[in-house]
Amino acid sequence: MPVVAVIGAQWGDEGKGRAIDMYAERARLIIRYGGGNNAGHTIVNEFGTFKMHLLPSGLFYPHTVNIIGSGVVIDPSVALAEIHSLKERNVSVERLFISDRAHVIMPYHVVQDQMDEQFRGESKIGTTGRGIGPAYADKMSRIGIRMGDLLNEEVLLSRLRQVLEIKNKLLTTYYGAQPLSLHEVYLTYLDYGRQLADHITDVQPIIHRALDKDVGVLLEGAQGVLLDIDYGTYPYVTSSPPGAAGAAQGAGIGPTRFSSVVGVYKAFVSRVGEGPFPTEVHGQDADALRQLGTPWAEVGTTTGRLRRVGWFDAVLARYSARLNGFDTLAITKLDVLDQLPRIKICVGYRLHDTELDYPPADIVTYGKVEPIYEELPGWQKPTSACRRFEQLPPQAQQYVARICELVGARIGIIGVGQARDQVIEVNRVL
Ligand code: GDP
Ligand code: IMO
Ligand code: MG
């Protein structure tokens with residue numbers, strides 16, 4: 001029974017949405033297992049172009065069941081808005097289930113996130129401002145509200161009474177913000193619970209039943225491994241574990257059940273927000289990679305910020321592959337490199353007079369490393385119409401093969417355009 005985890009292998013926005021969209025056609029169950037509406041997954045299909053922030057990207061296929069797992073943090077207003085906008089575009093959400101164990105992003109989390117960023121000043125993280133960090137912090141501090149709580153008047157009221165007392169002290173004394181009315185928050189969140197009641201449930205029996213049958217299960221990653229709370233470029237990270245371990249935990253599936261872990265890499269690298277980025281490029285090189293003016297331009301899906309871009313970093317790529325046990329790679333946006341005469345890959349770092357093949361944990365040191373590049377010839381031919389590996393220009397084949405060699409995994413799919421069919425599948429995982 002195939003259980004495939006699709007994981008962002010860089011700093012997010014690798015094109016996970018399009019990979020999930022492709023694999024979901026062959027799956028029965030799709031589970032978003034972590035993060036929240038900091039994510040933005042672009043999907044281009046027969047219904048149009050969609051930017052999914054919270055809902056699983058499998059919803060477009062009527063034969064699938066879609067789950068928001070316990071590891072996700074949920075802003076109910078965003079969930080409702082996304083449900084509404086899908087319905088308006090004739091996409092059914094009847095097969096959507098939300099874990100009653102998933103934590104709720106509350107209004108104070110959003111205030112905390114945005115004010116914390118202001119207080120950090122120059123050393124801001126560049127968060128999406130959606131309350132993600134504070135919601136995960138409260139979960140760990142055991143003062144979180146869970147989706148299941150929204151379904152029970154008594155539980156919600158007593159939970160809110162306890163938590164708002166703490167939060168209002170924090171809001172008024174530390175943040176200099178207005179306190180929140182218990183009555184108003186209670187009524188608003190009770191109403192969210194009522195509106196989402198058909199979706200909120202114990203999802204574990206659904207997941208475990210699917211595992212017992214021979215159906216395809218797809219674990220939809222959000223963010224990327226280099227934003228991982230433990231292994232990313234801390235503190236310039238998100239507050240969850242976006243990798244394969246997070247997939248097991250957030251979906252409630254034992255790691256021995258995984259049949260494949262697919263690492264999604266862009267053919268170059270992008271990053272939104274602050275933090276070290278050794279292979280970052282600027283000026284004309286950056287413009288070439290950003291492809292501004294195209295529908296797939298490097299502009300943040302969630303916040304509209306211009307993404308920082310750079311050359312493929314094989315040191316980081318191998319690091320994330322090892323952390324997650326990637327057996328198969330998805331390489332997206334190969335077509336974006338079509339015009340370049342030469343393409344660089346970072347194969348090591350130089351720090352003073354030593355060479356490193358791992359990123360240092362400390363970001364001050366990491367900020368000082370110099371990439372060691374290898375240069376490959378470009379192909380300077382369009383690839384968007386290619387549908388088989390052999391149809392790619394030899395230099396493009398060589399580029400993909402070199403990445404696989406450096407990362408240590410086989411190629412699964414290669415993206416050569418934004419549309420659903422603009423993909424080359426070399427090895428199947430599902
Ligand atoms: P995600 O968050 O990992 O799902 O990625 P995003 O949706 O935030 O960003 C990826 C962008 O690249 C989107 O605009 C996708 O439509 C686009 N994209 C994905 N794969 C390809 C590809 O192979 N070629 C091109 N040109 N665009 C792609
Ligand atoms: P998808 O799923 C790119 C980044 C933010 C910021 C850092 C912390 O579309 O790949 P947070 O709001 O999570 O506390 O912000 O993480 N970030 C992302 N960058 N894609 C994402 O999601 C991201 N989710 C968070 O820009 O640097
Ligand atoms: Mg994205």
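Being a predicted model, the structure only gives us computed values, none of them experimental. Position 1 is the first residue of the sequence, and the numbers go up from there. We count ligands from 1, going down the list as the structure has it; atoms in each ligand are counted the same way.
- For atom 6 (C) of ligand 2, the candidate residues are Gly17, Gly126, Ser240, Gly273; the nearest heavy-atom contact is made by Gly126.
- Using a 3.5 Å distance cut-off with no hydrogens or angles, the side chains of Asp338 and Gln380 do not pair a donor with an acceptor.
- For ligand 2, the polar-atom distance check against Glu274 finds no nitrogen or oxygen pair separated by under 3.5 Å.
- Within the 4.0 Å heavy-atom cutoff, Lys16 counts among the residues contacting ligand 2.
- Taking a cut-off of under 4.0 Å to the non-hydrogen atoms of Ala222, the atoms of ligand 2 that pass are 2 (O).
- For ligand 2, the polar-atom distance check against Asp113 finds no nitrogen or oxygen pair separated by under 3.5 Å.
- Put simply, no part of Arg271 is less than 4.0 Å from ligand 2, judged by heavy atoms.
- At a heavy-atom cutoff of 4.0 Å, ligand 2 is contacted by no atom of Tyr236, backbone or side chain.
- Numbered from 1 in the order shown, with element, the atoms of ligand 2 that lie under 4.0 Å from a heavy atom of Arg305 read 26 (O).
- Look at Lys266 and Glu298 and you find a salt bridge, because one of the NZ, NE, NH1 or NH2 atoms lies within 4.0 Å of a carboxylate O, short of that distance.
- Near Gly40, meaning under 4.0 Å from one of its heavy atoms, ligand 2 places the atoms 1 (P), 9 (O).
- You'll find the ring centres of Tyr174 and Phe119 inside the 6.0 Å limit.
- Listed for the Ser99 side chain is a donor-acceptor partner under 3.5 Å among the backbone atoms of Arg101.
- Counting only heavy atoms of the protein, atom 15 (O) of ligand 2 lies nearest to Thr127 CA, 3.3 Å.
- By the 3.5 Å distance cut-off applied to N or O atoms, Val272 is counted among the residues near ligand 2.
- Looking only at distances, no side-chain donor or acceptor of His103 sits under 3.5 Å from a matching main-chain atom of Asp138.
- Not a single N or O atom of Ser239, backbone or side chain, sits closer than 3.5 Å to an N or O atom of ligand 2.
- Donor-acceptor pairing under 3.5 Å is lacking for the side chains of Arg130 and Thr128.
- Around the CZ atom of Phe258, the shell of radius 6.0 Å holds more than 12 heavy atoms that belong to other residues, nucleotides or ligands.
- Judged by the shortest distance from any of its heavy atoms, Val237 lies inside the 4.0 Å radius around the atoms of ligand 2.
- The Trp11 neighbourhood of ligand 2 comprises atoms 3 (C), 19 (N), with distances under 4.0 Å to a heavy atom of that residue.
- Using cut-offs of 30° and 60° for the angle between ring planes, the Tyr61 and His63 rings count as tilted.
- The aromatic ring centroids of Tyr175 and Tyr108 lie 6.0 Å or more from each other.
- At least one N/O-N/O distance between Thr238 and ligand 2 falls below 3.5 Å.
- No side-chain donor from either of Asp357 and Tyr349 sits under 3.5 Å from a side-chain acceptor of the other.
- Salt-bridge formation is detected for the pair Arg342/Glu375: a Lys NZ or Arg NE/NH1/NH2 atom is positioned less than 4.0 Å from an Asp or Glu carboxylate oxygen.
- Ring geometry for Tyr358 versus Tyr319: interplanar angle over 60°, hence perpendicular rather than tilted (30 to 60°).
- Ligand-side atoms of ligand 2 in range of Ala39: 1 (P), 2 (O), 9 (O), 22 (O), range being under 4.0 angstrom from any heavy atom.
- Here's the thing with Gly12: none of its N/O atoms is less than 3.5 angstrom from an N/O atom of ligand 2.
- Salt-bridge annotation for Glu425 and Arg387: absent, with no side-chain N of the basic residue lying under 4.0 Å from a carboxylate O of the acidic one.
- At a cut-off of 2.8 Å, measuring from the Mg ion (ligand 3), the protein N, O or S atoms that fall short of it are Asp13 OD1, Gly40 O, waters left aside.
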request  = Could you go through the side chain to side chain contact (heavy atoms under 4.5 Å, CB included) check for Ile43 and Met52 one step at a time?
outcome  = CA-CA 8 Å; Ile43 290 161; Met52 307 289 272; 4.0 Å; yes
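- The distance criterion of under 3.5 Å between nitrogen or oxygen atoms is met by Gln223 with respect to ligand 2.
- Between Arg307 and Asp13 there is a salt bridge, since at least one side-chain N of the basic residue sits less than 4.0 Å from a carboxylate O of the acidic one.
- Lys124 has a carboxylate O that lies under 4.0 Å from a charged side-chain N of Glu274, or vice versa, which qualifies the two as a salt bridge.
- Glu82 places a side-chain N or O within donor-acceptor distance of the main-chain N or O of Leu55, the cut-off being under 3.5 Å.
- No side-chain N or O of Asp335 forms a donor-acceptor pair with one of Thr383 less than 3.5 Å apart.
- Remark: the backbone N or O of Pro56 is not paired with any side-chain donor or acceptor of His41 at under 3.5 angstrom.
- For ligand 2, the polar-atom distance check finds an N/O of Thr128 within less than 3.5 Å of one of the ligand's N/O atoms.
- Of the protein's heavy atoms, Asp13 OD1, 3.0 Å lies nearest to atom 20 (N) of ligand 2.
- Among protein residues, Asp13, Glu14, Gly15, Lys16, Gly17, Arg18, Gly40, His41, Thr42, Trp296, Thr301, Arg307, Thr332, Lys333, Asp335, Gly415, Val416, Gly417, Gln418 come within 4.0 Å of ligand 1, judged on heavy atoms.
- No salt bridge links Glu280 with Arg271; every basic N to acidic carboxylate O contact stays at or beyond 4.0 Å.
- Of the heavy atoms in Leu227, only side-chain atoms (C-beta onward) come closer than 4.0 Å to ligand 2.
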